[in-house]
Amino acid sequence: MFEPTTPLINNDSFNQQQQNFQNSPNKSKIQNKLLNLKLKRINELNNRLKDTLTKDRIYASNASYSIIDYTQSTKDFTLPEIWGNLQPGENPFRNNKFQQLKNPNSNGGNQDGCCTIM
Amino acid sequence: MQVMSYQQEDQQEYITNRINKARLETRQLYSQIDKVKAKIQDTTLLESSKQIAPLSKNAVNLKLLQKLQGHNNKIADIKWAHDSKSILSASQDGFLLIWDPVTGLKLNAVPLDSQWVLSCAYSPNGQLVASAGLTNNCTIYRIGSSVRDDFQFQQRIVSILKGHTCGITACDFVDNEEILTASGDMTCASWDLNKGNKKDEYLDHLGDVLCMDIDRSKGSINFVSGASDGYARIWDRRGASLEQSFFVSNSDVTSVKFFKDGNSIVTGSDDGIIRLFDLRADCELARYSLPRAIQESNKANQTFLTPNTPSPYGNYNLTQSPYSRHQSTASISNSLNSAIDSSGVTSLDFSSSGRLMYSCYTDHGCMIWDLLKAEIVGKLEGHSNRTSHVTASPNGLAVATASWDTTMRVYTPSYV
């Protein structure tokens, strides 16, 4: 066995402690406890895996079709080639009186609703 | 008990045997799950959408509406009001600002107790806002409908929610009485705002929780969280229990978002790939990878993504908006893929139909994906620094981006 020429500080007492621990009847008890914990954890994992196994699943094709169906059946004005353009006045974000006053030529103007400024 | 009657040594052997048996069972279960999943995964979204016509080159109608200027540091987070009439932004200059996206004017300002904010949230009734960040606390403020109202409040802070032991990376209101937080201490938590204390804790992640999204579809009680352990997990809010887990990648999961109908999620991770998972099929349906999209568009020779003039430096110049239609400044060299590979996804959202997916990359700004075809169909441009967030308005008619260049931009469809 390799032995350090200059023992570390408290090395003796450390060894003593370890020896005490190894000789003590507690050691195997603690080991048993650790093993039990390990077993418990694996069993928990197994139960969870069993749960995932019994879960109801639909086929990926059906899931894909339902996504496609959603994109085809919900209105989306960011895609005018599918859903057409908003009519002037329909986009609340573009009905900006403030902007229109500042810059009457900017798009988004409410063409028919001409306002009079007093 | 039987076990107790064994001697210590025998007992050890007994337990070890049981452990080995349990491990064997685990292995069998895993292989069975793999089999079931392989059977379920009969197609991908890309294959099932073959019948659908691809979008044309200028399909996306989103024009700049407003540039929101006023913060003087990086913007950490933005949220739309639930009525789509205002935008809340949190910046590292120590303020929450509320904006009118139509006029571009500020409606309200909340000075924060800490400038190290990472996330903010807007309550459904518009009366409360929340900020959370590196102080480990989530602070709730009451706001009036105008700045004048706010002079009446001596104290804006409604409550400071303490309990996380690490920075809070994301927060959002469930309703006017409950808020959810995700934290670097590997947990998510829900808080009761009436009582001011923690209601439930969500433990299962093995890394910092970096992002979170609440399913807003009708009647849903789910939310999803993504963490640095590479997993996205679906939680049941009522039972405070784990519903489902998806392994995303070996890198951090930096953004998660529910698809509009609440049956699927998309995840963005540091490896730069966006993945679409379906909750009912319990598997991955599609994958969106920036370098691959660029390569494929080169093959198809779409001028949209193909730069045609070679750069003298042989480098792909990524800062000069390489994806714009009018400007192609560089050639694709080998360094392109490595440069794009390293670009993580920071934020994700959908257009109202879900056909378009907005995605922010750390180095490439905000790209617009066609969800069904896995093609890039546009880009939200204009920021001079990293685009940190993209979020679509609840009414689906506008998109807002926030950037480290201290500004925000709001885009909306133009007429004709």
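Numbered from 1 within each chain, the chains take letters A, B, ... in sequence-line order. Every heavy atom of this structure was used, including side-chain atoms; hydrogens, water molecules and symmetry mates were not.
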message = Please find the pair of heavy atoms, one from B:T43 and one from A:A60, that lie closest to each other, and give the distance.
response = O-CB, 3.6 Å

query = Roughly how far, to the nearest 0.5 Å, is the OH atom of B:Y415 from the CZ atom of A:R94?
reply = 7.5 Å

message = Is any side-chain heavy atom of A:T52 closer than 4.5 Å to one of B:V36?
response = no

message = Give me the atom names and distance for the closest heavy-atom approach of A:L79 to B:R355.
response = CD1-CG, 3.6 Å

request  = Take atom NZ of A:K55 as the centre, draw a 6.0 Å sphere, and report whether it contains more than 12 heavy atoms from other residues, nucleotides or ligands.
outcome  = yes

query = At what distance, to the nearest 0.5 angstrom, does CG of A:L39 lie from CZ of B:R18?
reply = 5.0 Å

key: Proximity breakdown for B:S351 and chain A, heavy-atom pairs closer than 4.5 Å   = both

note = Correct closest heavy-atom pair for B:G354 and A:D76 would be N-OD2, 4.4 Å

key: Side chain proximity check, A:K50 to B:E25, heavy atoms < 4.5 angstrom   = yes

key: Rounded distance (nearest 0.5 Å) linking atom CZ of A:R57 with atom CZ of B:R280   = 14.0 Å

inquiry  = Quick check for you: to the nearest 0.5 Å, what is the distance between B:S245 atom OG and A:R48 atom CZ?
reply    = 7.0 Å

ask   = Looking just at side-chain N and O atoms, do A:S61 and B:D42 make a donor-acceptor pair shorter than 3.5 Å?
value = yes

Segment of B:Q244 engaging chain A (4.5 angstrom heavy-atom cut-off) = side chain

inquiry  = Assess, by modelled atom type and distance only, whether the side chains of A:S66 and B:N263 contain a donor and an acceptor separated by less than 3.5 Å.
reply    = no

inquiry  = Under a 4.5 Å cutoff for heavy-atom pairs, which residue among A:T71, A:I42, A:T74 has the most contacts with chain B?
reply    = A:T71

key: Nearest atoms (heavy-atom pairs only) where A:E81 meets B:P54   = OE2-O, 4.2 Å

query = Under a 4.5 Å heavy-atom cut-off, does chain A meet the side chain of B:N395, its backbone, both or neither?
reply = side chain

request  = Could you tell me which non-hydrogen atom of B:L29 sits nearest to which non-hydrogen atom of A:N46, and how far apart they are?
outcome  = CD1-O, 3.5 Å

ask   = To the nearest 0.5 Å, how far apart are CD1 in B:I40 and CG in A:N62?
value = 9.5 Å

ask   = B:L371 versus chain A, heavy atoms under 4.5 Å apart: side chain, backbone, both or neither?
value = side chain

Contact class of B:I19 relative to chain A, heavy atoms under 4.5 angstrom = both

task = Find out whether A:F77 and B:N61 are in side-chain contact, i.e. whether some heavy atom of one side chain is under 4.5 Å from a heavy atom of the other.
result = no

query = Atom CZ of A:F93 and atom OG1 of B:T103: how far apart are they, to the nearest 0.5 Å?
reply = 11.5 Å

message = For B:L62, which atoms come within 4.5 Å of any heavy atom of chain A: side chain, backbone, both, or neither?
response = side chain

message = Can you confirm whether A:T78 sits close enough to B:S352 that some side-chain heavy atom of one is under 4.5 Å from a side-chain heavy atom of the other?
response = no

task = Please list, chain by chain and in numerical order, all residues satisfying side-chain contact (heavy atoms from CB on, under 4.5 Å) with A:K40, sequence neighbours excluded.
result = A:E44

inquiry  = Need one label for B:K85: side chain, backbone, both or neither, based on atoms under 4.5 Å from any heavy atom in chain A.
reply    = neither

Steps toward side chain to side chain contact (heavy atoms under 4.5 Å, CB included) verdict (B:T44, A:S64) = CA-CA 7 Å; B:T44 63; A:S64 304; over 6 Å; no

key: Where B:D278 and A:I67 come nearest, the two heavy atoms and their spacing   = OD1-CD1, 4.4 Å

